[in-house]
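Since the model is a prediction, treat every value here as computed from it, not as a measurement.
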Amino acid sequence: LRRTIMRHSTERLCAILPNDYAPFYRTIMRHSAEFIDSAMVVRYYTSKKAHMKEYRPRIADTLLSQKLEAKGAILIQGPKWCGKTTTALQIARSVLYLQDPQEGKQARLAAELNISSLLQGDVPRLLDEWQLVPELWDAVRHEVDMRDAFGQFILTGSTTPLANMAYTHSGTGRIARITMRPMTLQESGESSGQISLSGLFEGEGPIQGVSALSVVDIAFLMCRGGWPKAVGLPQHIALQQSIDYVDSIVESHLVSYDGVQRNPERVRNLLRSFARFTATDAKITRIHQDILSNDNERLSYDTTHSYISTLKQLFVIEDLPAWSPKLRSRTAVRSSDVHHFCDPSLATAAIGATPDDLLNDLETMGLFFESLCIRDLRVYAQALDGNLAHYRDKNNLECDAIIHRRDGSYALVEIKLGGSLIDEGAAHLLALAQNIDTTRMKKPAFCMVLTAGRYAYTRKDGVHVVPIACLGV
């Protein structure tokens with residue numbers, strides 16, 4: 001193995017040897033030949049292989065490959081722990097770990113002397129947590145211009161420093177963006193994916209399918225979340241991951257983002273209040289008042305707004321924007337965003353809710369179930385070159401999610417736990433579809449009620465009823 005490593009370049013090694021060995025080879029190639037002996041190879045390989053988990057394919061894999069074919073650099077952004085680096089490593093040929101204490105320190109020194117040296121390596125080159133050396137943004141943009149080639153760099157980051165720093169260039173035309181999120185149920189293996197969202201857009205139907213998950217399973221998955229490290233673990237360990245994530249937000253994430261010291265207890269109170277308004281369009285003033293009712297010291301509205309803004313830039317919070325369709329009748333459409341965490345497990349952890357708590361409070365479970373479905377739909381919509389929005393008007397007609405694709409096609413989705421609520425959701429969808437002015441925009445490709453139930457079917461009125469554990473991209 002040592003002789004093979006010495007004879008070939010990193011790129012050649014990755015081509016001729018098994019993919020799951022690639023991280024090992026790349027690490028070895030960072031060291032000079034004189035430091036590589038047989039004992040080191042055996043020790044390193046044995047320790048890494050023993051702790052290496054099988055990579056679960058992500059929907060972002062295909063998207064990343066496609067983007068790299070058309071752009072010089074790709075920025076993968078999203079919340080911490082969602083798998084950005086692991087996904088990027090599946091395609092990267094060299095890597096710079098800026099969070100590594102030693103490597104990061106050397107990189108910051110190099111950035112002051114000759115930043116282009118950090119960009120040298122087999123391509124695509126991964127710059128992990130690039131925002132720790134913000135000058136890399138302009139350096140990558142310039143290097144892409146100079147090389148005049150696609151597929152050169154992958155940047156990963158868990159914050160959006162672009163909003164806070166004066167860059168000389170936005171990266172338009174050189175750097176494309178992908179937002180990664182925690183795993184969908186299809187990616188984690190809990191959804192069979194037998195009902196294809198792309199198939200529904202193509203007119204497939206009537207549909208049929210059976211979910212393997214019960215409501216009890218769904219309650220657990222809402223509390224566990226889609227964090228890759230939590231998937232496949234025993235329940236009590238898996239549930240601890242989202243709790244630790246919330247603790248990390250309170251104790252360090254906000255401080256490490258911009259260096260501003262924040263009261264940890266106030267951050268925890270904010271997360272708890274925000275969780276209570278999950279899947280609602282409550283105004284920030286109402287959330288602020290809820291925080292004040294649990295805060296002994298007076299908290300200003302501006303501080304509340306600042307905390308929420310920072311959590312959005314950390315991708316912890318990802319609100320759902322409003323949709324403005326062309327309607328037949330004059331109706332005042334609400335423009336407020338609907339509040340969601342990037343993963344429902346953060347909401348359950350923030351209020352201290354267990355799976356049993358949710359099963360004993362179906363109203364709250366319904367709100368968190370909506371947040372779970374929104375998480376998955378965002379990922380599926382992104383894979384179909386679309387995005388997600390919601391609709392609510394002054395007459396209380398609502399649609400929890402609208403999947404709107406770049407080609408103008410769209411679908412209307414209501415999210416209900418099940419039972420008689422399915423009829424209510426279908427009625428909302430049909431009423432909204434009837435009110436859309438199809439002379440000015442397309443008619444809906446389909447209407448769907450997402451549920452926590454067992455069976456997928458198409459109703460007589462044409463509305464699809466789909467368990468979230470049957471849905472896939």
Side-chain angles (χ1 to χ4, degrees), residues 77-82 98-99 101 104 129 131-132 134 157-166 181-182 222-225 227 229-230 239-320 336-354 357 364 367-368 371 375:
Q77 55 190 8
K80 289 181 180 292
W81 298 4
C82 75
L98 292 164
Q99 273 195 321
E129 298 296 343
Q131 75 279 356
L132 298 178
S158 303
T159 61
T160 54
L162 298 179
N164 298 329
M165 303 188 68
R181 300 174 175 89
M222 282 190 277
C223 294
R224 185 205 66 185
W227 311 106
K229 292 291 186 183
L239 292 173
Q240 186 63 39
Q241 306 311 306
S242 58
I243 296 171
D244 292 344
Y245 196 111
V246 169
D247 289 344
S248 182
I249 293 171
V250 170
E251 295 165 7
S252 63
H253 281 194
L254 267 67
V255 173
S256 63
Y257 170 66
D258 56 12
V260 176
Q261 293 293 329
R262 296 177 174 87
N263 185 318
E265 194 57 35
R266 284 184 169 179
V267 175
R268 194 176 294 278
N269 285 340
L270 183 144
L271 292 173
R272 189 180 299 118
S273 293
F274 195 91
R276 282 195 282 264
F277 291 99
T278 292
T280 74
D281 61 353
K283 295 187 180 299
I284 301 299
T285 51
R286 188 176 174 191
I287 297 175
H288 176 65
Q289 290 300 318
D290 187 78
I291 297 171
L292 290 180
S293 66
N294 296 283
D295 194 339
N296 294 327
E297 301 179 23
R298 184 160 186 81
L299 181 71
S300 71
Y301 171 83
D302 288 342
T303 300
T304 298
H305 190 276
S306 172
Y307 280 20
I308 291 175
S309 177
T310 302
L311 289 168
K312 288 180 179 178
Q313 291 169 15
L314 288 167
F315 300 99
V316 172
I317 289 173
E318 188 175 7
D319 288 346
L320 191 64
S336 300
D337 292 351
V338 169
H339 305 302
H340 292 283
F341 283 99
C342 65
D343 190 278
S345 65
L346 299 186
T348 61
I351 65 173
T354 66
D357 292 333
T364 298
L367 295 173
F368 291 166
S371 197
R375 179 200 69 192

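Side-chain contact between S158 and E129 is present, with at least one heavy-atom pair separated by less than 4.5 Å. Taking the side chain as every heavy atom from C-beta outward, F341 and L271 approach each other to under 4.5 Å. For the pair D357 and T364, the minimum side-chain heavy-atom distance is 4.5 Å or more. Annotation: side chain of D247 is in contact with side chain of R268 (closest heavy-atom distance under 4.5 Å).
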Verdict with supporting geometry, S345 and D343, side chain to side chain donor-acceptor pair (under 3.5 Å) | CA-CA 5 Å; S345 65; D343 190 278; 2.6 Å; yes

Kindly determine whether K312 and D319 satisfy side chain to side chain contact (heavy atoms under 4.5 Å, CB included), including the steps that lead there.
-> CA-CA 8 Å; K312 288 180 179 178; D319 288 346; 3.4 Å; yes

N269/R272 under side chain to side chain donor-acceptor pair (under 3.5 Å): CA gap, chis, key distance, verdict | CA-CA 5 Å; N269 285 340; R272 189 180 299 118; 2.7 Å; yes

Could you check S300 against T303 for side chain to side chain donor-acceptor pair (under 3.5 Å), going step by step and ending with a plain yes or no?
-> CA-CA 5 Å; S300 71; T303 300; 2.7 Å; yes

Kindly indicate, with the supporting measurements, whether the criterion side chain to side chain donor-acceptor pair (under 3.5 Å) is fulfilled by W227 and S242.
-> CA-CA 8 Å; W227 311 106; S242 58; 5.4 Å; no

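The backbone N or O of S248 lies less than 3.5 Å from a partner atom in the side chain of S252, making a donor-acceptor pair. Panel note: side chain Y301, backbone Q289; no donor-acceptor pair is recorded below 3.5 Å. Not a single donor-acceptor pair under 3.5 Å links the side chain of S273 to the backbone N or O of L270. Side-chain N or O atoms of D290 include none that pairs as donor or acceptor with a backbone N or O of I287 at under 3.5 Å.
Across H339, H340, E318, a single residue satisfies side chain to side chain donor-acceptor pair (under 3.5 Å) together with S371, and that is H340.
In this structure, Y307 OH and I284 CD1 are separated by 14.5 Å, a value rounded to the nearest 0.5 Å. Going from atom CD1 of I243 over to atom SG of C223 covers 9.0 Å, rounded to the nearest 0.5 Å. Between R266 atom CZ and L299 atom CG the span is 4.5 Å, to the nearest 0.5 Å. Distance check: T354 OG1 to L239 CG gives 8.5 Å after rounding to the nearest 0.5 Å. Atom SG of C82 and atom CD of Q77 lie 10.5 Å apart (nearest 0.5 Å).
Residues that satisfy the side-chain contact (heavy atoms from CB on, under 4.5 Å) test with S336, not counting sequence neighbours, are D281, K283. The side-chain hydrogen bond (donor to acceptor under 3.5 Å, both in side chains) test applied to Q241 returns no partner, not counting sequence neighbours.
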